Q: 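Let me begin by handing over the structure; questions about it come next.
Numbers restart at 1 for each chain; the letters A, B, ... are given by sequence-line order, proteins then strands. No experiment lies behind these values; they were computed from the predicted model shown.
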Amino acid sequence: MAEALRLRAPAPRTEALGLLRRYGAVTALALLVLFNLAFTPNFATLQTLNVNLTQVCTIVIVAVGMTLVIATGGIDLSVGSLMAIAGALAPLIFLGKLLPLPHPLVGIALAFVIPILVSGAFGWFNGWLITRFRIQPIVGTLVLFIAGRGIAQVLTNGNLQVFKVPEFQFIGLGRMLGIPFQAILMLVIVGLATWALRRTVFGREILAVGGNERAARLSGIPVGRVKRRVYLISGLCAGLAGLIVIAINSAADANLIGLGMELDAIAAVAVGGTLLTGGSATVLGTLLGALIIQLVRYTLLANGVPDAAALVVKAGIIVLAVWLQRQGRA
Amino acid sequence: AAELPKLEQKAKYKVGFAQTESNNPWRIAQTESMKAEAEKLGYQLVYTDAAGSAAKQVADVNSMIAQKVDLIFLAPREEKPLIPAVMAAKKAGIPVILLDRNVDQKLAQAGKDYVTFIGSDFVDEGRRAAEWLIGATNGKAKIIQLEGTTGSSPANDRRKGFEEALKSHPGMEIVASQSGDFARDKGRQVAETLLQAHPDATAIYAHNDEMAMGAIAAIEAAGKVPGKDIVLVSIDGTRDALQAIIDGKLGATVECNPRFGPKAFATMAAYAKGEKIPAWVKNDDKFFDASNAREEIANAY
Amino acid sequence: MRTTPLASAIPAQLGKHGVLLALALLILFGWLRYDNFLGSYNVLSLLRYNSMFALVALGMCFVIMTGGIDLSVGSTAALGSVVAALLSPYGAIPGLLGGMAAGSVIGLLNGLIVTRLGILPFITTLATMLAASGTALLLADNQSVSVSYETAFTDLGQGDFLGFPIPAWIALVAYLAGSLILNFTAFGRHVLAVGGGEDAARLMGLPVDRVKLVVYAASGTLAGLAGVILAAQFGAGQPIEGVGWELFAIASVVVGGTLLTGGLGSVGATLAGVLLLGLIFNILNFENGLGWISLSAYWQSVIRGAFLLLVVILQAKLTAREDEAPA
Amino acid sequence: MGQPPLLSMRDIDKYFAGVQALARASLEVGRGEVHGLIGQNGAGKSTMIKILTGYVHRDGGEILFDGNLVSFASPQEAQANGIATIYQEINLVPYRSVTENICLGRERRRMGLLDWRAMHREAKELLARFGIAIDVRRPLSSFNTATQQMVAIARAIGFDARLVIMDEPTSSLHDQEVEVLFEVIRQLKAAGVSVIFVSHKLDELYAVCDRVTIMRDGRTVKVADMRDLTKLDLVTTMLGRAVAQAAGRQARTGSADASGEKLLEVEHLALGRRVRDVDLEVRAGEIVGLAGLLGSGRSETAQVVFGALKPEAGEIRVKGAPAAFAEPADAIRAGIGFCSEDRKYEGIVPEMSVRENLTLALLPHLAKAGVVDEARQREIVDRFIARLGIKCASPEQKIRELSGGNQQKVLLARWLCMNPKLLLLDEPTRGIDVGAKAEILGLVRELAAEGLGVLLISSELEELTQSSDRIFVLRDGRTVAELAGEAIAEPAIMHAMAHGEAVRQEEAAHG
Ligand SMILES: Nc1ncnc2c1ncn2[C@@H]1O[C@H](COP(=O)(O)OP(=O)(O)OP(=O)(O)O)[C@@H](O)[C@H]1O
Ligand SMILES: Nc1ncnc2c1ncn2[C@@H]1O[C@H](COP(=O)(O)OP(=O)(O)OP(=O)(O)O)[C@@H](O)[C@H]1O
Ligand SMILES: [Mg+2]
Ligand SMILES: [Mg+2]
């Protein structure tokens with residue numbers, strides 16, 4: 001009768017798993033923090049929080065866009081390259097290399113607007129490619145993954161652009177009420193996305209398209225438009241992230257801006273508990289996922305784990321975190 | 001083994017330049033210098049870019065051989081995996097001149113398998129950085145090392161040279177050593193973290209100027225003063241770096257000059273004439289610090 | 001192949017035609033435009049080099065046909081090359097087996113995580129990608145490991161057989177085997193069934209998990225084999241090689257007309273896809289050889305991207321037409 | 001006979017996320033017996049079956065197969081032990097060839113390699129038993145739902161199993177195929193194979209079953225010999241109440257609406273091989289039936305009208321104005337709704353809640369400045385859940401967790417809540433229990449009375465004759481007959497479906 005006993009495992013178990021699932025990411029994060037408090041030299045300082053916040057911002061911003069894309073059942077490999085394009089474009093503008101500037105401030109204003117719009121446009125192009133020709137997202141965005149960085153490098157001839165423009169660099173270095181401005185940006189974006197996903201028609205449409213495209217179409221949802229929009233949004237997010245990166249470094253290096261960002265962002269989304277198969281999404285989860293990944297990176301560096309070993313540990317933690325997330329979905 | 005292939009004298013040559021990658025200012029300057037010189041001489045330059053893959057670089061060299069170039073300038077991605085390329089060229093009767101990195105001497109020798117190696121000595125660069133730092137801190141410092149891309153030979157050599165030079169100075173302690181991928185952004189993030197974990201650090205040694213620039217940003221973000229609270233030394237000698245020295249933020253940087261063009265083609269001409277070429281045409285790299293930064297910045301890259 | 005069911009034949013055929021057409025055009029272009037382009041030296045070294053990618057793409061093709069994906073192939077190959085290099089002093093066979101075994105381990109790991117822990121392939125293999133390259137760096141102590149030139153090991157990469165590069169032979173055999181398995185074994189059909197509808201396959205009583213496990217293991221093993229060739233061909237195990245191989249492989253597979261959603265695929269077309277994408281690099285090198293516009297690396301990537309775009313659209317158009325065609 | 005029954009499931013319990021789906025349910029099947037299993041939507045029939053085949057794990061109870069205690073870990077294992085199953089939703093691989101779909105799992109080999117010739121032959125032979133002759137090398141997806149269903153059945157028969165389970169196999173079949181299927185079932189019976197037969201169609205149960213098990217709310221409420229059970233008993237036991245006998249034709253809104261404005265006019269519509277020359281007309285307040293054999297083009301006609309497929313020729317007019325919808329969205333904006341026959345692939349969004357699924361098409365109307373008015377949404381959802389008697393734990397339950405029939409109801413509600421002018425219903429009562437069916441048809445009629453125009457595609461002639469004011473009959477993608485008023489009778493329809501050309505010529509001769 002042991003078998004029958006094994007089988008007779010009703011409600012309680014499932015609920016326990018439900019909890020785990022809901023708080024899986026939080027648990028993982030808490031464990032990491034505890035570990036650091038125990039082992040990492042002077043971890044419990046404001047500066048530590050500061051460092052981690054500023055470092056995680058770009059990942060989160062990109063990952064939010066990625067979350068929406070993934071919720072429609074897609075994926076966007078081009079984000080890193082789009083960051084590079086935006087990052088390479090901005091200095092060209094405010095340094096007046098691209099177009100003559102009546103007034104420096106105009107240049108700075110344009111340096112915010114144009115690059116983000118451009119990378120947004122490229123994002124939309126991804127969406128167009130994917131919807132117009134029914135190309136698999138992975139391949140459709142692979143095109144710009146390859147060509148995008150090339151474009152950025154061509155723009156600058158691969159040269160490093162250095163600058164000191166406080167007004168512009170405010171998005172990277174500035175602070176409001178002592179909080180890094182980029183962190184505020186990040187929180188605003190996370191908030192917006194969460195709200196949109198929960199409350200708006202667009203949010204529902206995203207999930208429906210990701211959940212069952214044919215059904216969505218037959219219910220009158222403009223599948224194509226929804227997809228193009230999420231890729232557009234992903235592009236905009238990438239553009240913004242690109243600007244932040246160059247602002248912090250007071251230098252734009254088309255070769256390196258956002259290199260490998262797509263993987264970080266996707267990992268954050270997955271660790272955060274969004275299904276890569278689409279049809280479900282949690283932006284807050286993504287935020288947690290990004291924090292986890294960031295904190296792992298910090299922990300490994302701060303404790304002097306050599307790069308090679310760090311890679312292995314990272315792998316283990318990603319799998320573990322995602323597995324925790326999966327529990328209860330089973 | 002067979003003889004080293006000769007190069008007959010011609011007015012115009014078709015030469016190949018197999019570049020490793022083009023993703024940092026140093027490489028870009030090197031490529032520019034090679035192209036400029038080739039243009040000046042009116043030679044045809046077959047330029048390939050291996051995008052950081054030794055394997056692709058060998059394939060690139062092979063495609064040059066297929067195109068029957070007269071001579072190949074090769075900037076090896078790594079010491080060992082490029083041996084087959086060198087040998088293939090030799091077999092095809094095309095002389096090879098190595099730039100800025102050598103190949104494994106156990107497997108191929110200058111004057112026998114390839115003409116010569118033109119370049120600096122990464123190990124020595126590391127040593128010179130160390131010696132300056134020892135002087136600047138009179139032998140007492142807690143050092144954070146920002147390494148280059150894990151596994152790349154300049155990273156390995158610059159680390160080797162630096163650490164060997166420190167051995168004899170117990171006061172010089174490396175408290176943390178992590179990779180910043182030769183990149184400013186990564187360098188900054190790593191520096192931020194390490195400074196946070198090791199507030200007692202008094203010096204930073206970066207394997208290249210870009211990471212040093214990142215480190216400076218990190219130090220300032222941490223509310224400390226670069227050059228005073230924390231002494232920095234690095235390698236390359238970029239214009240940025242020299243400016244930083246002038247601003248008193250960067251202590252010193254060991255030059256690693258990317259402008260190979262003139263010397264490379266001169267060596268080629270000499271070889272064509274049949275002159276004897278030394279196994280290693282050393283770049284006499286300068287050393288930049290507060291004493292000479294001002295006058296040198298003009299012709300920095 | 002009369003006996004292949006039209007079901008898989010039709011789309012695959014179209015896929016083939018698309019990629020074969022592009023391939024033919026590209027070769028013609030190169031032949032007309034450059035001297036020595038079709039010279040035996042260029043052709044043979046091209047095959048020798050791309051055999052590595054061919055092997056990786058073959059594994060990827062099978063994984064993708066089950067509806068999965070394997071991002072770890074690149075660093076798995078790097079790991080394989082390191083292990084092979086370390087074992088090369090003991091001879092060609094130990095090196096070969098060692099490298100492949102290393103690959104199998106990663107592959108099995110992927111398979112187990114995907115089937116047992118139920119974590120999606122993309123994220124699973126993303127993780128093992130990190131793990132594999134980490135392990136490679138650790139084993140190699142952060143630098144290339146020289147292979148032994150005493151043993152016959154290097155022949156695996158540099159040797160010829162009947163005037164044809166040995167790596168190319170290996171790839172050729174692998175593809176023949178792959179095609180045979182796909183079309184003429186139960187396992188092959190199960191792979192496609194799993195990709196075509198996992199729940200259905202399960203309800204049909206097919207050993208879904210075993211199929212996946214085997215497929216990932218195979219992909220890992222082939223990547224390991226590619227690593228062995230990498231080590232043998234360039235005389236060193238290279239822990240930092242293999243960057244971006246996975247994307248190259250995915251692109252070749254898709255260009256070959258295999259659906260990323262699984263269920264449809266062609267092994268032969270994948271090979272054509274590899275050659276097509278491999279040829280681009282070669283062509284670009286020759287283009288620079290003309291010395292008119294010496295393309296910067298940057299323009300090269302722009303062009304490569306544009307070309308991929310072209311092929312993929314062509315591909316899409318063909319498959320779309322196939323959809324509409326009255327079945 | 002002293003022999004134990006082939007199968008006996010006892011005291012089966014099953015919880016889904018704490019909700020009890022089965023409570024000490026039991027099922028006993030004798031050898032060589034055809035056993036009916038009937039119950040309302042959500043009664044637990046499919047779950048019972050999935051537990052038997054090891055697709056879901058039971059929380060309690062025991063299963064004896066052929067006298068010994070079993071607990072299959074997977075359908076694979078069940079199959080290996082001689083249990084072949086046809087699940088409610090067709091579960092085959094669309095991309096693969098018919099042959100593969102039939103032979104996967106028991107491939108024929110020659111010298112270790114697949115013997116395609118033998119497998120194609122086997123597939124052909126199996127299908128031949130159902131009087132189906134198709135190119136078995138073509139991908140399954142290129143055949144219509146009915147054929148796909150037949151393939152699924154052929155596959156199950158192919159394993160010479162000792163127990164064949166059919167979960168609503170006839171839901172997408174036509175009387176002709178149903179007859180063939182019954183013949184096959186009788187053959188199986190003769191060969192000593194037992195069959196579990198799930199269906200909502202009473203006549204079918206009486207036609208083939210020896211005994212029947214009636215389930216209600218996860219319990220087994222009655223087991224009886226088919227003979228000793230009147231339809232009325234059966235229905236009342238199943239529903240736990242008496243049903244208003246499905247109203248007959250007289251209850252129809254009547255021919256008065258012949259005057260109603262023309263909502264939809266279709267002329268000479270053509271698309272590929274499936275739709276060749278279709279004429280249709282639907283007036284406000286009228287229920288128009290669309291009859292036809294399988295593959296006669298009804299679904300695709302509907303899909304074209306709805307803008308889901310692009311016509312190659314012909315004209316569509318909505319309220320007199322020419323309308324060629326590029327996208328379903330346009331059709332919906334024009335007040336048209338379409339309920340697809342393919343619940344799983346064209347209907348539900350599995351991961352979304354009942355609430356979201358129900359209001360999916362309504363979203364634009366629920367929004368103020370793009371923000372969903374959730375209060376109104378809830379109010380509407382609750383109303384329709386009540387009105388259609390949808391059985392779900394709560395509106396927030398994932399729709400995939402609902403039983404087949406209840407999913408269908410949600411999809412109907414998705415369109416009814418739009419209060420459209422014209423509703424295209426493709427097999428709307430597929431897999432819905434008699435009680436619900438009567439309700440739904442009644443509801444459709446009410447709405448028609450309020451002026452809604454309905455195009456009703458159904459494979460059940462009875463349903464058509466009872467509900468329709470007018471019936472168009474399609475044959476090979478052509479409209480071959482239009483029947484109205486007293487002309488509506490099953491024989492007439494069947495005649496037209498079978499040899500439609502003749503009818504058409506007559507008409508031509510007249511006009
Ligand atoms: N995966 C699941 N998760 C949660 N609840 C489920 C799941 N599958 C079935 N149920 C619930 O179990 C009950 C029985 O479902 P089942 O599909 O067996 O009904 P059924 O008798 O087959 O109905 P129908 O005739 O409509 O197919 C239903 O209330 C359904 O909501
Ligand atoms: N190539 C295909 N891929 C997927 N589904 C198809 C294909 N061809 C036809 N179908 C579907 O098969 C079903 C039957 O085809 P059709 O509409 O022509 O006949 P029907 O009279 O509607 O038959 P049924 O009674 O099965 O609905 C339709 O839903 C149609 O959409
Ligand atoms: Mg059911
Ligand atoms: Mg139909």
Q: Output the option from A:N157, A:T277, A:L144 having the highest count of non-hydrogen pairs under 4.5 Å with chain C.
A: A:N157
Q: Go through C:S133, C:S301, C:A132, C:A136 and name the one with the most non-hydrogen pairs under 4.5 angstrom from chain A.
A: C:S301
Q: Taking all non-hydrogen atoms of both residues into account, name the closest pair between A:S81 and A:F145 and its distance.
A: OG-O, 2.8 Å
Q: What is the distance from atom CZ of C:F62 to atom CG of C:L192, rounded to the nearest 0.5 Å?
A: 8.0 Å
Q: Hey, which residues of residues 65-73 of chain C are touching chain A, say heavy atoms under 4.5 Å apart?
A: C:I69
Q: May I ask you to name which of C:V312, C:L137, C:I313, C:L247 has the most heavy-atom pairs under 4.5 Å with chain A?
A: C:I313
Q: Drop me the distance from C:L279's CG to C:F307's CZ, to the nearest 0.5 angstrom.
A: 8.0 Å
Q: Can you name the residues that form a side-chain contact (heavy atoms from CB on, under 4.5 Å) with A:L31, not counting sequence neighbours?
A: none
Q: Are the aromatic rings of C:F53 and C:W245 close, with centres under 6.0 Å apart?
A: yes
Q: Test of understanding: with side chain to side chain donor-acceptor pair (under 3.5 Å), list the residues that count as partners of C:T258, not counting sequence neighbours.
A: none
Q: Looking at CD of A:E262 and CG of C:L126, how far apart are the two atoms once the value is rounded to the nearest 0.5 Å?
A: 9.5 Å
Q: Please classify the contact between C:L309 and chain A as side chain, backbone, both or neither, with a heavy-atom cut-off of under 4.5 Å.
A: both
Q: Checking C:V254 against chain A: side chain, backbone, both or neither under 4.5 Å from a heavy atom?
A: side chain
Q: Against chain C, label A:L276 side chain, backbone, both or neither, depending on which of its atoms sit under 4.5 Å from a heavy atom there.
A: both
Q: Can you tell me which portion of A:R132 sits under 4.5 Å from chain C's heavy atoms? Options are side chain, backbone, both or neither.
A: side chain
Q: Give, as side chain, backbone, both or neither, the part of C:I119 having an atom under 4.5 angstrom from any heavy atom of chain A.
A: both
Q: Does the gap between the ring centers of A:W128 and A:F133 come in under 6.0 Å?
A: yes
Q: For chain C, which residues from residues 301-315 of chain A have at least one heavy atom closer than 4.5 Å to it?
A: A:A308, A:A309, A:L311, A:V312, A:K314, A:A315
Q: Salt bridge between A:E213 and A:R217, side-chain N to carboxylate O under 4.0 Å?
A: no
Q: Under 4.5 Å heavy-atom distance to chain A, tell me which part of C:L138 shows up: side chain, backbone, both or neither.
A: both
Q: Side chain, backbone, both or neither: which part of A:I318 has a heavy atom under 4.5 Å from chain C?
A: side chain
